[in-house]
Amino acid sequence: MRIAITRGIGPSFGRCELTHLPREPIDVPRAREQHRSYEQILADLGCTVRRLRPDPALPDGVFVEDTAIVLDELAILARPGAASRRPEVATVAEALEAYRPLWRIEPPATLDGGDVLRVGRTLYVGQSGRTDAAAARQVEALVAPHGYRVVPVPVAGCLHLKSAVTQVGKRLLLCQTRWVDVAAFEGLECVEPDPAEPFAANVLRIAGEVIVAAAYPRTRERLERRGVRVRGVDVSEIAKAEGGLTCCSLILAG
């Protein structure tokens, strides 16, 4: 059984943190409809969706991925790089404690979960504006006893590592080489998004299928030509908040 932890979009969503995109108006009711469609796809793919209540004090609260790293053996509670987002962690911790032993990133280190890509027993930890080297070392100390290795990956030009690279097959990555050096992923194969769709690299793989934002049909075609099973979903309003498909859920085995 898979569990997907999500959080609804609150009324303050338009005041979200932004780093690489200009601020533009967000249609919050439409964003909520898109988020519900996203949750429905998670359910269709076999996830039990556990939805946390939105909090008006947490504009970015829908992006639950950034609050934790969830592995089979433990969960590591993040310390987000944006101080305004740190209050998001408490309610996610309450949800996770029923499923995993909990550990924490200790200050002054900072880590966003969107900077952590797991492929097998390797955790690639992005070194971005939100996640630092000290956090990567803490992650390594916590996961090494469970047989994981940690590979730090410099990130430039985008918000998180998973803005630039996500997994689409057992040994296949979707990788935006403008923002990350593929040499970090030795032994894995990379396919690039279509050049006209630079933000298309954030996709979500569940149960052998890959969810792709509807805004990126050319990249979807590239994946389908590689034999990847793809589903599309419209997240155009969520994207205005620098949100992607991995950002909106924490997926774990129950």
Side-chain angles (χ1 to χ4, degrees), residues 16-24 26-27 30-31 33-35 37-42 44-45 60 62-66 112-119 124 126 128-131 153-185 188-249 251:
C16 59
E17 292 275 350
L18 289 174
T19 303
H20 295 280
L21 292 180
R23 191 171 299 279
E24 57 182 307
I26 295 175
D27 184 334
R30 187 178 179 206
E33 291 176 6
Q34 292 176 349
H35 188 250
S37 296
Y38 170 87
E39 290 175 320
Q40 184 58 56
I41 291 177
L42 298 182
D44 292 345
L45 290 173
D60 292 277
V62 64
F63 302 129
V64 293
E65 177 187 49
D66 289 327
D112 280 13
D115 275 317
V116 182
L117 173 67
R118 176 185 175 182
V119 180
Y124 298 94
S128 71
R130 300 288 180 90
T131 298
V153 182
V155 177
C158 63
L159 186 61
H160 291 130
L161 177 65
K162 282 196 274 192
S163 305
V165 56
T166 50
Q167 186 177 18
V168 294
K170 186 174 182 180
R171 307 292 295 176
L172 182 64
L173 305 177
L174 179 61
C175 187
Q176 176 51 269
T177 57
R178 300 183 197 179
W179 300 333
V180 70
D181 185 352
V182 296
F185 308 104
L188 301 174
E189 186 180 359
C190 292
V191 58
E192 290 195 60
D194 186 276
E197 299 171 350
F199 292 96
N202 184 271
V203 301
L204 178 59
R205 182 173 182 251
I206 300 176
E209 297 194 37
V210 172
I211 309 171
V212 177
Y216 307 127
R218 295 179 180 182
T219 298
R220 174 175 180 159
E221 290 176 6
R222 286 192 174 198
L223 294 177
E224 289 174 333
R225 287 197 297 268
R226 298 297 300 265
V228 177
R229 296 170 61 192
V230 177
R231 295 189 185 214
V233 63
D234 182 6
V235 288
S236 56
E237 295 302 311
I238 295 170
K240 292 177 183 178
E242 291 186 319
L245 294 166
T246 66
C247 308
C248 295
S249 58
I251 310 295

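The two residues Leu21 and Lys240 make their nearest non-hydrogen contact at CD1-O, 4.3 Å. Shown here for Val212 and Tyr216, the closest heavy-atom pair between the two residues is CG1-O, 4.2 Å.
Gln176 places a side-chain N or O within donor-acceptor distance of the main-chain N or O of Pro198, the cut-off being under 3.5 Å. With hydrogens and angles disregarded, a donor-acceptor distance shorter than 3.5 Å links the side chain of Arg23 to the backbone of Cys16. Side chain of Glu197 to main chain of Arg218: a donor-acceptor pair is present (N/O by atom type, distance under 3.5 Å, no hydrogens or angles). Here the side chain of Thr219 pairs a donor or acceptor atom with the backbone of Asp194 at under 3.5 angstrom. Judged purely by atom type and a 3.5 angstrom limit, Asp234 has no side-chain atom pairing as donor or acceptor with the backbone of Gln34. Checking side-chain atoms of Gln167 against main-chain N and O of Val119 turns up no donor-acceptor pair under 3.5 Å.
The CG atom of Asp66 sits 8.0 Å away from atom OG1 of Thr246, with the distance rounded to the nearest 0.5 Å. We find the CD1-CG distance between Ile206 and Leu45 to be 5.5 Å, quoted to the nearest 0.5 Å. Rounding to the nearest 0.5 angstrom, the gap separating the CG atom in Leu245 from the OG1 atom in Thr166 is 8.5 Å. In this structure, NE2 in His20 is found 8.5 Å from CH2 in Trp179, a value given to the nearest 0.5 Å. We find the CD-OG distance between Glu242 and Ser163 to be 7.5 Å, quoted to the nearest 0.5 Å.
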Q. Does the side-chain contact (heavy atoms from CB on, under 4.5 Å) test come out yes or no for Leu223 and Leu174, once each step is laid out?
A. CA-CA 9 Å; Leu223 294 177; Leu174 179 61; 4.3 Å; yes
Q: Walk me through it: do Arg130 and Asp115 pass the test side-chain contact (heavy atoms from CB on, under 4.5 Å)?
A: CA-CA 8 Å; Arg130 300 288 180 90; Asp115 275 317; 4.0 Å; yes
Q: Please report the C-alpha distance between Val180 and Cys175 in whole Å, then the side-chain angles of each, then the deciding distance to 0.1 Å, and finally whether the side-chain contact (heavy atoms from CB on, under 4.5 Å) criterion is met.
A: CA-CA 8 Å; Val180 70; Cys175 187; 3.5 Å; yes
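The closest side-chain heavy-atom distance from Glu65 to Lys162 is below 4.5 Å. Annotation: side chain of Leu42 is in contact with side chain of Ile211 (closest heavy-atom distance under 4.5 Å). You'll find the side chain of Tyr38 stays beyond 4.5 Å of the side chain of Ile238, heavy atoms only.
Remark: Arg118 CZ is packed, more than 12 non-hydrogen atoms of other residues, nucleotides or ligands lying under 6.0 Å away.
Residues Arg30 and Glu33 are not paired through a salt bridge, judged by the lack of any N-O separation under 4.0 Å between the basic side chain and the carboxylate.
Partner of Ser128 under the side-chain contact (heavy atoms from CB on, under 4.5 Å) criterion, chosen from Leu159, Val155, Asp112, Leu161: Val155. The only member of Lys170, Arg226, Arg171 that meets salt bridge (charged side-chain N to carboxylate O under 4.0 Å, His left out) when paired with Glu189 is Arg226.
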